[in-house]
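All values reported here derive from a predicted model rather than from experimental measurement. Sequential numbering from 1 along the given sequence is applied to the chain's residues.
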Amino acid sequence: MKTIEVVAAIIRRGNAVFATQRGYGPWKDFWEWPGGKVEDGETPREALVREIREELDTEIRIDKLLQTVDWDYPDFHLHMHCYMCTLLSGSLHLNEHEDARWLEIAGLRSVRWLPADEGLLPLIEDELAQ
């Protein structure tokens, strides 16, 4: 099975995190943390800064690695580095996603998450509770 290495940003603003809704593919309308593939020659951190710039037209600060998730989808194995991040510039523009929301703890489970992303919710709830 092919392995795809990706990065994801859990962008925190106060007591909320930024989630995005996929607008394409077999997982259309599911929610995820923004990010994307690590390109050859990139570190995961470099890839995350680039992906957020491309997807959201914004700059982030990577605060810490929250967890690395390994998940088997039907067609590939996902290896996803998930980082807690802070927004450095105020505007977020959706270049690839259908929708986005700032979600507080009470709303984290109100959307239909991609399976690999959903497993992070307990860790994110702990982060937001601090």
Might you point out which heavy atoms bring Leu128 and Gly14 nearest each other, and give the distance in Å? CD2-O, 4.2 Å
In Å and rounded to the nearest 0.5 Å, what is the CD1 to CG distance from Ile52 to Leu88? 11.5 Å
Value for CD (Glu125) from CD (Gln130), rounded to nearest 0.5 Å, stands at 12.5 Å
Side chains of Tyr83 and Ile60 in contact at under 4.5 Å (non-hydrogen atoms): no
Side chains of Asp99 and Trp31: does their closest heavy-atom pair fall under 4.5 Å? yes
Begin with the C-alpha distance, continue with both residues' side-chain angles, and end with the deciding distance and a verdict on salt bridge (charged side-chain N to carboxylate O under 4.0 Å, His left out) for Arg112 and Glu118. CA-CA 8 Å; Arg112 185 171 58 162; Glu118 185 173 29; over 6 Å; no
Validate the cation-pi geometry between Arg22 and Phe30: distance from NZ or CZ to the six-membered ring centre under 6.0 Å, angle to the ring axis within 45°. no
Closest heavy-atom pair, Cys82 versus Leu120, reported as atoms and distance to 0.1 Å, is SG-CD1, 3.4 Å
For residues Pro74 and Met1, report the shortest heavy-atom separation together with the two atoms involved. O-CE, 4.3 Å
Please find the pair of heavy atoms, one from Ala47 and one from Glu42, that lie closest to each other, and give the distance. CB-OE1, 3.3 Å
Quick check: closest heavy atoms across Leu103 and Ser110, and the distance to 0.1 Å? CD2-OG, 4.3 Å
Counting only heavy atoms not in Asp29, do more than 12 sit closer than 6.0 Å to its CG atom? yes
Please walk me through it: do Glu55 and Asn95 pass side chain to side chain contact (heavy atoms under 4.5 Å, CB included)? CA-CA 5 Å; Glu55 288 185 8; Asn95 291 327; 5.5 Å; no
Indicate if Leu92 and Val111 have the same hydrophobic cluster label, given that clusters are the connected sets of ILVMFWY residues with side-chain heavy-atom separations under 4.5 angstrom. no
How about Glu98 and Lys28: do any of their side-chain heavy atoms sit closer than 4.5 Å? yes
Please lay out, stage by stage, how Ile124 and Ile105 fare under the test side chain to side chain contact (heavy atoms under 4.5 Å, CB included). CA-CA 8 Å; Ile124 294 167; Ile105 289 177; over 6 Å; no
With side chain to side chain contact (heavy atoms under 4.5 Å, CB included) as the criterion, how do Lys2 and Asp75 come out once you've worked through the C-alpha distance, each side chain's angles and the decisive distance to 0.1 Å? CA-CA 8 Å; Lys2 180 172 83 168; Asp75 299 332; over 6 Å; no
Answer yes or no on whether Arg13 is positioned over the face of Trp102, meaning its NZ or CZ is under 6.0 Å from the six-membered ring centre and within 45° of the axis. yes
Is there a side-chain contact between Thr58 and Arg53 (heavy atoms, below 4.5 Å)? no
Taken to the nearest 0.5 Å, the spacing of Cys85 SG from Glu59 CD works out to 12.0 Å
Quick one, Phe18 with Ile10, criterion side chain to side chain contact (heavy atoms under 4.5 Å, CB included). Give me CA distance, side-chain angles, the key distance, then yes/no. CA-CA 7 Å; Phe18 190 73; Ile10 297 101; over 6 Å; no
I'd like to check Val7 versus Val38 (side-chain heavy atoms, cut-off strictly below 4.5 Å). Are they in contact? yes
Taking distance alone, no hydrogens or angles, what donor-acceptor pairs closer than 3.5 Å link side-chain atoms of residues 61-71 to residues at least two apart or in another chain?
from: Arg61; atom 1: NE; to: Asp63; atom 2: OD1; distance (Å): 2.6
from: Arg61; atom 1: NH2; to: Asp63; atom 2: OD1; distance (Å): 3.1
from: Arg61; atom 1: NH2; to: Thr86; atom 2: OG1; distance (Å): 3.0
from: Asp63; atom 1: OD2; to: Thr86; atom 2: N; distance (Å): 3.4
from: Asp63; atom 1: OD2; to: Thr86; atom 2: OG1; distance (Å): 2.5
from: Lys64; atom 1: NZ; to: Glu127; atom 2: OE2; distance (Å): 2.7
from: Thr68; atom 1: OG1; to: His81; atom 2: ND1; distance (Å): 3.3
from: Asp70; atom 1: OD1; to: His77; atom 2: NE2; distance (Å): 2.9
from: Asp70; atom 1: OD1; to: His79; atom 2: ND1; distance (Å): 2.7

Is there a path from Leu48 to Ile11 through hydrophobic residues (I, L, V, M, F, W, Y) whose side chains come within less than 4.5 Å of each other? yes
Given the side-chain rings of Trp27 and Trp113, with only the six-membered ring counted for Trp, is the space between their centroids under 6.0 Å? no
Strictly below 4.0 Å, N to O, side chains only: are Glu51 and Lys37 in salt-bridge contact? no
Determine, stepwise, if the pair Arg50 / Glu46 fulfils salt bridge (charged side-chain N to carboxylate O under 4.0 Å, His left out). CA-CA 6 Å; Arg50 176 188 51 76; Glu46 290 168 340; over 6 Å; no
